[in-house]
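Owing to the predicted nature of the structure, the values given are computational and were not obtained by experimental measurement. All chains are named by letter (A, B, ...) in the order of the sequence lines, taking the proteins before the strands, and each is independently numbered beginning at 1.
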Amino acid sequence: MSIMNLTPLTAHRICPLCESTCGLELTLHGDHVTAVRGYDHDRFSAGYLCPKGANLGKLDEDPDRLRNPLVRRDGALREASWDQAFDAVEVGLNQVRGRYGDDAVAFYRGNPSAHTIAATPYLRPLALALNSRNLYSASTADQIPTQVACGLIFGNDIAIPVPDLDRTDFLLIFGANPAESNGSLCTAPNFNGRLRAIQARGGKVVVVDPRRTRTAQAADSHLQIRPAADAYLLLGVVQVIFEEKLVTLCGAGVRHLDALADLVRGFAPERVADVCGIPATHIRRLARDLAAAPSAAVYGRMGTCTTAHGTVSNWLIQVVNILTGNLDRPGGAMFPRNPIRPSYRKSARFTMARWHSRVRHLPEVAGEFPVATLADEIDTPGDGQVKALITYAGNPVLSTPNGARLAAALPQLDFMLCIDPYVNETTSHADVILPPPRTLQAGHFDWSLAAFMIRAVVRYSPPVLPLPADRPSEAEILSRLAVIAAGNGAHGDAAGLRENLVMRMLTHAAADPGSPVYGRDPHELRGALAGRSDVERHLEVMLRLGPYGDGFGTDPEGITLTQLIEQPEGVDKGPMEPRLAELIGHPDGLIDLCPQEVIAEVVQLEREMSSPQPEFVLIGRRALRSNNSWMHNIPNLVAGPDRCTLQLSIVDADALGICDGDSVVVRSAVGEVTVAAEPTTDLRTGVVSLPHGWGHRGAGMAQGVAERHAGVSANDLTDHSVVDALSGNAVFNGVPVTIEPVLAQRRRAVPSALSP
Amino acid sequence: MSHVVTRACCSDATCVAACPVNCIHPTQDEPGYATSEMLYIDPEACIDCGACVDVCPVDAIMPDYDLTSSTQVYADLNARYFLGAVAAAPAKAESTMQRPPIIVTEPGPLRVAVVGSGPAGCFAAEELLAHDGLAVEVDIFDRLPVPWGLVRFGVAPDHQDTKSVARLFARTAARRGLHMHLNVEVGTHLTHAELLAHHHAVIYAVGASGDRRMEVPGEQFSGSHSATEFVAWYNGHPDFAHHTFDLSGPRAVVVGNGNVALDVARVLATDPQRLARTDIADHALRALADSAITDVVVLGRRGPEQASFTVPELLALADSSGYGLFVELGEDHAARSDNRDPIASMKADLLRDLAVHPRNPGARRRIVLRFQSAPVEVLGGNGRVLGLRVVHNELITGPDGRIVGRPSGATEEIDCGLVLRSIGFRGRPMPGVPFDDARGLIPNAGGRVLDDVAAAPLPGVYTTGWIKRGPSGVIGTNRRCAQETVRALLDDHSTGRLPSPSHDHQDLTTLIRERQPRELDYTAWKTIDIHERALGRQQQRPRTKLVDVDQIVRIAAPTGPLS
């Protein structure tokens, strides 16, 4: 029988592919997705979706996704049973830990782990059981500078303000391209539509970016800054705010206001204009416009983080929000309330640098070391050397700086375990690969992204398809690994662990005087749970004890899991509300405008201001149909001209005699790639751009479509040895490179009289 | 909400491959594709994901909320297409990407000569070179010293977005295994037999550079030209750079109303200051700056619903400012539309609207679109054009059901100093290659060239583009056409039906150097390209074209003949 003869089933599912969390309407025939649309009734996304979400079915049914575990035997990865695979994990981990100690096992967590329901409940027990300081994640190739900046300013690294897109009158975007990436650390489906809405209500959108991105094209104005100069521009803006007496502090108390004024005094727009590549008058106007707007929000993202002064830039972004009175007020930069974070529990005070990495002495942040030093820890012999690596939903060979070096280091490991659906550039080195089941066989809840939603819309998607009987869920995989790591063996009681986690939350809540269930019997609460799986019950407890929850009957208007299952469109709890006071972690309850840690960095910036500039610097590039390294195996998403090209200014291209499609060699301090050139008017001179996540080649790979559209890896050029000094974050933008056409092409240079 | 395809659409169907819901039609696998004016997005099926925008080589697609007052009409046009009886083929979104595997036993690369570097030749080369797991070497020959054929010499200078499709061809040209031989004429410097001796196969992609004549008395008078010649002249074709056209006015008549006719009319009527911002040839710009022509009359034999121009071309004509646009309909066309083809009926609707509401009626220059008028005689004196006698046609339904024009007997004389005929292209024969003189193309079956006599395929000889199928379709239509030809070629190769070349690439290089020392390679073109764009930048133009072959060779190869 053809599948089209089956009765079609409609299901609603939050898209798990990026941070914009769009509600999708899926049509299924059997277990085959035959159509994907945006779900018009979704309270948050209202029918919006992008090409990635539209391909969710194809991604989920990709024939290259692994169905069974792979275990390395006689040098090759071969299919194995789940029991065999877990046994191999137990042996591999125990051998390394027994011989070299717990710290010899490193753990790396990739970006998609933030979009899966199993990670939040079960990764922590796994990490605790591993008892290793060698914890790494994509965060240190991404947003850690934002966290450190907020940690220093507010004493709380998860107090990250997001722009109040739907109410602001003036949005200043730094180093973000939400028109193509759909936005990050600001969860807002149809970001582009919301930008248009700002303009439609008379507001303004200003974009600061070295590239004329689609977001820049849609903005009211675009300041085409030199890469990695954000801190200078922001220092200039802050200096004008002081100089022209535009400071308007709102509600919360601050400390070190005068110290800040002193610190920025040397950064007048006229001094920083050159290094920014932006006229001083534009910088002054920007500061005045920000100060004058009825409400304004400064939003900075990837481009501001992945530079050598990422933390300083992110500190300054919040400084501008604070000094213009826009922090924590409607239309400004506000703090969303996470529906799973009980308001009665105060977050721990931010600390960092409690310990340092072995080889480069880089400080720990949020319990992790910078991923830029992972290869160092593997390939540098000595006490404490990493001998085993676990990766989860990550492809660090493509997504971390100097990936080629990491690829060379991986074979030196004694044992490598990957939890991943694909055999890719990283997992092809594994000894064991444990593939999670299909996306649609798991439920979905955005544990992490809920902290960045510009509107409190609470949604949960139950599994669309049943899990096959012989297939462990992702929750089962992670909890079983936690049991192994805890020394209880490959056949220990993973279900018991998951149940214990639920009971422990209930027990803690019942004992906490601030909780709505204080004094109640945890077993009675357990009996009231409606969740049909451990992970659903885990979520249910957190939701019901959370700020919008029913408190197990305490608040009849509150949210329950059952209600969310019945209402796939979500429950709308309204726009963000001021709540800064409850977030500040400093003992004095004040905002620190000028933390000690940034002062030396600013002095350093002043010193570097007149340093000679490299002839060319490399920046990254987002594309609507791409998401980091893992969506290039879907024909729809790679159709059309190759996107992995080196964009460069047409002026530079002409001067070098480089035309569209010409092969050029790009060299950096650590490596080189040969790639087709794409001259463009979207870049300023001296800047070249390569998208990341490409370079799909390597022995043993099994991603047929991606390998046919291989491209090159931008991270074969990025330098692991250069990091953001304060946070250790990887540096992807402003990488010095040289450009050379591949052939000594027989061509006369443009006569100088004709040069523009 | 929906996405919308607009004027610049080249129909290369890259968007079809990227669309996750297959809402862009006609696809290359659907019957209407070859003759479609453009591609359309079904507003009912579009999910607004924007994947198509991401891949369009000419930036022709936009979300409906980005439409402006002048592009809003495309939302209607896209929707209208789906009101017709759209014959949809089963979804084959990946058909252009997944090429059938080819198994070849012969060692060494497959060597193919492509004659012509226009869209047809470039799409054929791309199709060959993009084939996974197959070693291919392609030699592209062009008799002109610059590549891209009609993209450079046909597309109107004020349609720069249409020309951006050349970026696709540049990527093809940069591929390993491709050799470009410019300024080398097959039939002059190399023979057909010599090409075959150096390649497994030859693909003729030489287009249709000839034109059909009106076959009326007086056609030979000075001031009567083919529109093709005029287009080649204003686009800087080296062969036409020294032609002259009598622009002393006040009136010019364009016979025929295809897209070329509208291009010509628009160039004649556009303010030269606007043209000065385009890449129109300098000599044409100078001549047009002195033009005294104020009236351009465009004649169509049949009625508005049978007009040959496409809807996007009409919309572009109506959207330009600076000249008046008038439409004169026969009285029987004032308010009637019985055409069931939604695109043709939209065309008629637009024309009826223009007939009632002329654009910029007070402008100094004006274009008049007339229908049901056929030329019967070019009038002249002293060997010069003085006017055109036209006959009014009645519309009747022919035996095949087509509407045709039948002379009514009522004639009229139009005073004019310039007559440009634009009533169709036809191919020109290539020495040593079969030619169908009646149809003006190379006889072929799915791209395999057929013997004149036996009508059997000639081993190793193929054709693609207009010289294969006749002058129909738009730029991207040639991609599908090239796929058909290349698949036939590869099929023949894998079944051993291609004779192995007796000479290698080194022999070819030696032969070309001997026959044409002024050959230019792709690197030479890049030098020219950079030079032209640098000149253009000074004048705020996309480029300033070089039109003199000697100058081009000098700039591309400054040290004299290439060693």
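Under the 4.5 Å side-chain criterion, counting only non-hydrogen atoms from C-beta, B:C19 is not in contact with A:N636. Contact of the B:D54 side chain with the A:E180 side chain is registered, since non-hydrogen atoms from C-beta on lie closer than 4.5 Å. Counting only heavy atoms from C-beta outward, the side chains of B:R537 and A:D654 approach each other to under 4.5 Å.
Counting heavy-atom pairs closer than 4.5 Å to chain B, the top-ranked of the candidates A:A218, A:G38, A:A35, A:A54 is A:A54. For the options B:P20, B:A170, B:C15, heavy-atom pairs under 4.5 Å to chain A are most numerous at B:P20.
Neither the backbone nor the side chain of A:A676 comes within contact range of chain B; no heavy atom of the residue lies under 4.5 Å from a heavy atom of that chain.
How far OH of B:Y522 is from SG of A:C659: 6.0 Å, rounded to the nearest 0.5 Å. Here OG1 of B:T523 is found 7.5 Å from CG of A:D662. Values are rounded to the nearest 0.5 Å.
Under the rule for a ring-ring contact (aromatic ring centres under 6.0 Å, His included), the partners of A:Y39 that lie at least two apart in sequence or sit in another chain are A:H12, A:H41. A search for side chain to side chain contact (heavy atoms under 4.5 Å, CB included) contacts involving B:T68 returns B:S70, B:T71, not counting sequence neighbours.
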Pair B:V21, A:R37 - check side-chain contact (heavy atoms from CB on, under 4.5 Å), show working. CA-CA 9 Å; B:V21 295; A:R37 295 190 75 99; over 6 Å; no
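Residues of residues 44-53 of chain B lying under 4.5 angstrom from chain A, judged on non-hydrogen atoms, are B:E44, B:A45, B:C46, B:I47, B:D48, B:C49, B:G50, B:A51, B:V53 by number.
Every pair passing salt bridge (Lys or Arg N to Asp or Glu O under 4.0 Å) that includes a residue from residues 170-180 of chain B is listed here, sequence neighbours excluded: A:D660-B:R171, A:E678-B:R171, B:E126-B:R175.
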